[in-house]
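Data first, discussion second: the structure below is written as structure tokens.
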Amino acid sequence: MTGVEMLGLLRGGLVVSCQAYEGEPLHGPRFMTAMARSVVLGGAAGVRVNGPADVEAVRAAVPVPLIGLWKDGDGDVYITPTAEHALTIARAGADIVALDATSRPRPDGLGLAETIARVHEAGALVMADVSTAAEGVAAAELGADCVSTTLSGYTPTSPPLDGPDLELVAELAGKLNVPLFAEGRISTPAEAAQALELGAHAVVVGGAITRPADITLRFSRVLKEARS
């Protein structure tokens with residue numbers, strides 16, 4: 001399947017980010033595989049998965065396009081921070097490797113273009129996680145196959161927001177010649193639909209679907225306030 005065909009499978013669809021951090025009850029390949037299978041049953045067009053073990057397990061369990069990444073380290077750049085991280089995720093079975101494509105220096109000292117080229121040589125596509133329109137345009141020019149608004153609100157160069165950065169979605173949709181994925185703090189179906197209306201190729205939703213502790217907390221806080 002070509003890259004164009006792979007991205008075409010995601011057009012207008014929902015990508016669900018299936019991730020759980022170390023120490024959380026759902027952490028590990030077994031649970032993330034069950035999560036991925038569940039969201040595919042619900043109609044997810046693709047999944048986004050963290051870490052080589054989870055990527056490998058989920059790849060064997062679901063047929064939809066898999067966006068893989070590897071959150072590692074405690075520096076500013078921690079989403080697939082080096083070319084070696086990216087290649088490991090590609091070898092684990094990711095169709096698309098997501099990596100930090102902000103203007104911040106990468107820990108291995110490689111430029112974004114070289115990292116993208118190495119992932120392409122390994123047979124995978126690259127999703128550029130960015131925080132600003134300028135970063136998104138630059139990443140596309142350097143060879144990224146698609147761009148995602150993942151990091152908006154999480155860098156010093158992007159505004160902190162409570163909800164999704166729909167202004168960035170609209171701006172990038174008008175500037176990019178590669179598919180744009182809307183990601184970050186999308187918590188309702190209405191917000192997801194709005195992102196598509198603004199020009200997003202597809203929408204990525206994580207915690208609003210796959211983090212039961214956070215979802216439960218939203219309800220329990222409201223009920224606690226109602227009792228007081």
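Below, each value reflects all heavy atoms present in this structure, side chains not excepted, and no hydrogens, waters or symmetry copies. In this text, all values refer to a predicted model and were calculated from it rather than measured experimentally.
Ion pair R48/E183 flagged as a salt bridge, since at least one NZ, NE, NH1 or NH2 atom sits closer than 4.0 Å to an Asp/Glu carboxylate oxygen. A salt bridge links R104 with D100: the distance from a Lys NZ or Arg NE/NH1/NH2 to an Asp or Glu carboxylate oxygen falls below 4.0 Å. Under 4.0 Å is where a charged nitrogen must lie from a carboxylate oxygen, and between R118 and E84 no such pair does. R221 and E225 are not joined by a salt bridge, as no carboxylate oxygen comes within less than 4.0 angstrom of a charged side-chain nitrogen. Salt bridge present: D95 and R59 bring a charged side-chain N and a carboxylate O closer than 4.0 Å.
Within the model, atoms SG of C18 and CG of N50 stand 11.0 Å from one another, a figure rounded to the nearest 0.5 Å. Residue T102 holds its OG1 atom at 9.5 Å from CG of D129, rounded to the nearest 0.5 Å. Rounding to the nearest 0.5 angstrom, the gap separating the NE2 atom in H201 from the OG atom in S148 is 12.0 Å. Taking CG of L110 as the reference point, atom CD1 of I116 lies at 11.5 Å (rounded to 0.5 Å). To the nearest 0.5 Å, atoms OG1 (T149) and CD (E171) are separated by 12.0 Å. Note that the CG atom of D145 and the CD1 atom of I96 stand 8.0 Å from one another [nearest 0.5 Å].
Counting heavy atoms from C-beta outward, I89 and V55 have side chains that approach closer than 4.5 Å. No side-chain heavy atom of H27 sits under 4.5 Å from any side-chain heavy atom of Y21. Two residues are said to be in side-chain contact when any heavy atoms from C-beta on lie closer than 4.5 Å; L223 and S220 fail this criterion. F181 is listed as a side-chain neighbour of C146, based on a closest heavy-atom distance under 4.5 Å. Two residues are said to be in side-chain contact when any heavy atoms from C-beta on lie closer than 4.5 Å; M127 and V147 fail this criterion. Counting heavy atoms from C-beta outward, V39 and V47 have side chains that approach closer than 4.5 Å. For the pair V204/I186, no side-chain contact is recorded, criterion being any heavy-atom separation below 4.5 Å from C-beta on. The side-chain heavy atoms of L125 and L7, taken from C-beta on, include a pair separated by under 4.5 Å.
For CD of E5, the number of neighbouring non-hydrogen atoms (other residues, nucleotides, ligands) closer than 6.0 Å is greater than 12. Within 6.0 Å of CZ on R211 lie more than 12 heavy atoms contributed by other residues, nucleotides or ligands. Annotation for E24: atom CD counts as buried by contact number, over 12 foreign heavy atoms lying within 6.0 Å. Summarising the local packing, CD of Q19 is surrounded by more than 12 heavy atoms from other residues, nucleotides or ligands at distances under 6.0 Å.
Proximity of a side-chain donor or acceptor of D108 to a complementary backbone N or O of A83 within less than 3.5 Å is detected. Remark: the backbone N or O of T132 is paired with a side-chain donor or acceptor of E135 at under 3.5 angstrom. Under a 3.5 Å cut-off, the side chain of Q194 and the backbone N or O of A190 do not form any donor-acceptor pair.
Taking hydrophobic clusters as Ile, Leu, Val, Met, Phe, Trp and Tyr residues chained together by side-chain heavy-atom distances below 4.5 Å, F31 does not share a cluster with I209. In terms of hydrophobic clustering, with Ile, Leu, Val, Met, Phe, Trp and Tyr side chains grouped at heavy-atom distances under 4.5 Å, V15 and L196 are assigned to different clusters. Follow the hydrophobic side-chain contacts under 4.5 Å out from V97 and you never reach L87; the two are in separate clusters. Hydrophobic clustering, with ILVMFWY side chains joined whenever heavy atoms are under 4.5 angstrom apart, keeps L176 apart from V203. With hydrophobic clusters built from ILVMFWY side chains whose heavy atoms lie under 4.5 angstrom apart, M1 shares a cluster with I67.
For the 3.5 Å distance criterion, the side chains of T82 and H85 qualify, holding a donor opposite an acceptor.
Between G73 and Y78, the shortest heavy-atom distance links the atoms O-CB, 3.9 Å. Counting all heavy atoms, side chain and backbone alike, L99 lies closest to A86 at CD2-CB, 4.4 Å. Nearest heavy atoms, V77 versus R106: CG1-NH1, 4.4 Å. Taking every heavy atom of both residues into account, T157 and S131 meet most closely at OG1-OG, 3.6 Å. A98 and L69 get closest at one heavy-atom pair: O-CB, 3.7 Å. Between S158 and G153, the shortest heavy-atom distance links the atoms OG-N, 2.8 Å.
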Inset, instruction - Might you work through the side-chain contact (heavy atoms from CB on, under 4.5 Å) test for T33 and V58, ending with a clear yes or no? - result: CA-CA 5 Å; T33 297; V58 172; 4.0 Å; yes
Inset, instruction - Begin from the C-alpha positions of R185 and L161 and carry the test side-chain contact (heavy atoms from CB on, under 4.5 Å) through to its verdict. - result: CA-CA 9 Å; R185 300 176 301 278; L161 299 170; 3.9 Å; yes
